[in-house]
Asks: 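Pasting a structure below so you can have a look.
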Amino acid sequence: MPLPRTGSIVVLTGAGISAESGLATFRGAGGLWEGHRAEEVATPEAFARDPALVHRFYNMRRRQLADPAIQPNAAHRALARLARAWRGGCLLVTQNVDDLHERAGSHDVVHLHGELRRVRCTACSEERLWLRDLEAKTPCPACGTFGGLRPAIVWFGEMPLHMERITAALQSCALFLAIGTSGLVYPAAGFVALVRDRGRAHTIELNLEPSAVRSDFAEARHGPAGTTVPALVDELLAL
Ligand code: BJW
């Protein structure tokens, strides 16, 4: 199937798109969970068992994201350019909890797994921007409860966010792109099968290496996102 000239685009991004910005991926060598098993830090059960450990992990990542050396790369910028110029509409869905898409100029980014710079109170449900360290005893500024604040992030076993909006976009798009994601975590890894089964849209994987769901895509372009994504965006905007 050729690249479409019209119709909407859904782009799914994962940790690989931020790798060239200096943020570690989850499952690669030196990945984020090295030294921590995923169940130790990325489940609600782990948070209930050892909130201090979970807070340390996310405090470290929140600080890293605030480091001036961490900046959006050419792939983030190319996607912002695509959304501005593509007439058929382009929905950017990210599994990433960083804010590099927004900093590259993308608006209305759908954060399927939440955001590192936000916290939620489990007592009063209020969510807010939070740029400092968080500790197990930090009181909620809204309701005053101690120990209720948690990163506004979707952990294993929790429901990913904005699923209705994403599913509707997947059901009508003409092109689906998955960038820098291993295809190991669901429901995101299943988005391509949903689009493929409709039989009306082109699907492309852009990843350093074949992902776990490579065979579900019609096309794959393997290489660093900072190179493959700007090249594809140039192609699409030249159609
Ligand atoms: C480059 C590159 C470069 C490197 N250029 N590329 C079957 C169906 C449905 C669910 C399940 C299922 N089986 C099991 C489940 C449950 C579970 C799950 O998927 N488990 C798997 C381990 C099997 N899923 C859940 O629990 C989810 N909730 C759920 O399913 O609710 C029920 C439900 C049912 C039906 C519909 C809707 C809901 C919740 C998942 C939450 C995931 N949360 C995490 C942690 C967030 C917190 C944090 O950031 O700390 O999200 S897990 C972690 O993995 C993180 C990521 O967003 C996610 C995906 O990782 P990603 O982005 O793919 O990174 P990597 O490291 O894996 O891959 C990077 C890739 O980039 C690699 O391939 C590299 O090669 C490549 N790369 N450099 C291009 N320069």
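Values in this document were obtained by computation on a predicted structure and should not be read as measured data. First listed ligand is number 1; within each ligand, the first listed atom is number 1. For reference, positions follow the sequence shown, starting with 1.
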Asks: I'd like to check which ligand 1 atoms, numbered from 1 as shown, lie under 4.0 Å from a non-hydrogen atom of E209.
Replies: 73 (O), 74 (C), 75 (O)
Asks: Kindly indicate whether a cation-pi arrangement holds for R84 with W86, taking the cut-offs as under 6.0 Å to the six-membered ring centre and within 45° of the axis.
Replies: no
Asks: If the cut-off is 4.0 Å to any non-hydrogen atom of G180, which atoms of ligand 1 fall inside it?
Replies: 6 (N), 69 (C), 70 (C), 71 (O)
Asks: Does only the side chain of L184 get under 4.0 Å from ligand 1, or the backbone, or both, or neither? Count heavy atoms.
Replies: backbone
Asks: Verify the distance criterion only: is there a donor paired with an acceptor across the side chains of Q95 and T181 at less than 3.5 Å?
Replies: yes
Asks: With nothing but distance in play, are any N or O atoms of P160 less than 3.5 Å from an N or O of ligand 1?
Replies: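 No - when backbone and side-chain N and O of P160 are compared with those of ligand 1, no distance drops under 3.5 Å.
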Asks: Any ion pair linking R221 and E235 (charged N to carboxylate O, less than 4.0 Å)?
Replies: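 Salt bridge: yes.
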Asks: Under 4.0 Å from a heavy atom of A19: which atoms of ligand 1 are those, numbered in the order shown and with their elements?
Replies: 78 (N)
Asks: Check this for me: does any side-chain nitrogen of one of R117 and E115 sit under 4.0 Å from a carboxylate oxygen of the other?
Replies: no
Asks: Give a yes or no on whether R200 atom CZ has more than 12 heavy-atom contacts from other residues, nucleotides or ligands under 6.0 Å away.
Replies: no
Asks: Can you check atom 48 (C) of ligand 1: any protein non-hydrogen atom closer than 4.0 Å?
Replies: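 It does: a protein heavy atom is found less than 4.0 Å away from atom 48 (C) of ligand 1.
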Asks: Output yes when a protein non-hydrogen atom is found under 4.0 Å of atom 34 (C) of ligand 1, and no otherwise.
Replies: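 Given the 4.0 Å limit, the answer for atom 34 (C) of ligand 1 is no, no protein heavy atom qualifies.
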Asks: For N59 and R56, does a side-chain donor sit closer than 3.5 Å to a side-chain acceptor?
Replies: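 There is no such pair between these side chains.
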Asks: Look up atom 13 (N) of ligand 1 and tell me if a protein heavy atom lies less than 4.0 Å from it?
Replies: no
Asks: Hey, is atom 39 (C) of ligand 1 under 4.0 Å from any protein heavy atom?
Replies: yes
Asks: Can a salt bridge be assigned to the pair D98 and R62 using a cut-off of 4.0 Å between side-chain N and carboxylate O?
Replies: no
Asks: Would you say atom 59 (C) of ligand 1 touches the protein, meaning some protein heavy atom is under 4.0 Å from it?
Replies: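 Under 4.0 Å from atom 59 (C) of ligand 1, at least one protein heavy atom found.
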Asks: Could you tell me which atoms of ligand 1, counted from 1 in the order shown, lie closer than 4.0 angstrom to a heavy atom of G157?
Replies: 25 (C), 26 (O)
Asks: Relative to the ring of F47, is the ring of H55 parallel (under 30°), tilted (30 to 60°) or perpendicular (over 60°)?
Replies: perpendicular
Asks: Go through the side-chain N and O atoms of H76 and E102 and say whether any donor and acceptor fall under 3.5 Å apart.
Replies: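 Their side chains do not contain a donor-acceptor pair, so the 3.5 Å distance test is not met.
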Asks: Pull out every atom of ligand 1 sitting under 4.0 Å from any heavy atom of I153, numbered as shown with elements.
Replies: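 Taking each heavy atom of I153 in turn, ligand 1 has 46 (C), 47 (C) under 4.0 Å.
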Asks: Does S211 come within less than 4.0 Å of ligand 1, judged by its heavy atoms?
Replies: no
Asks: Run the numbers for me: atoms of ligand 1, each under 4.0 Å from some heavy atom of P187, listed by number.
Replies: 30 (O), 37 (C)
Asks: Considering non-hydrogen atoms of the protein only, which is the closest contact for atom 64 (O) of ligand 1, and what is the distance?
Replies: A15 CB, 3.5 Å
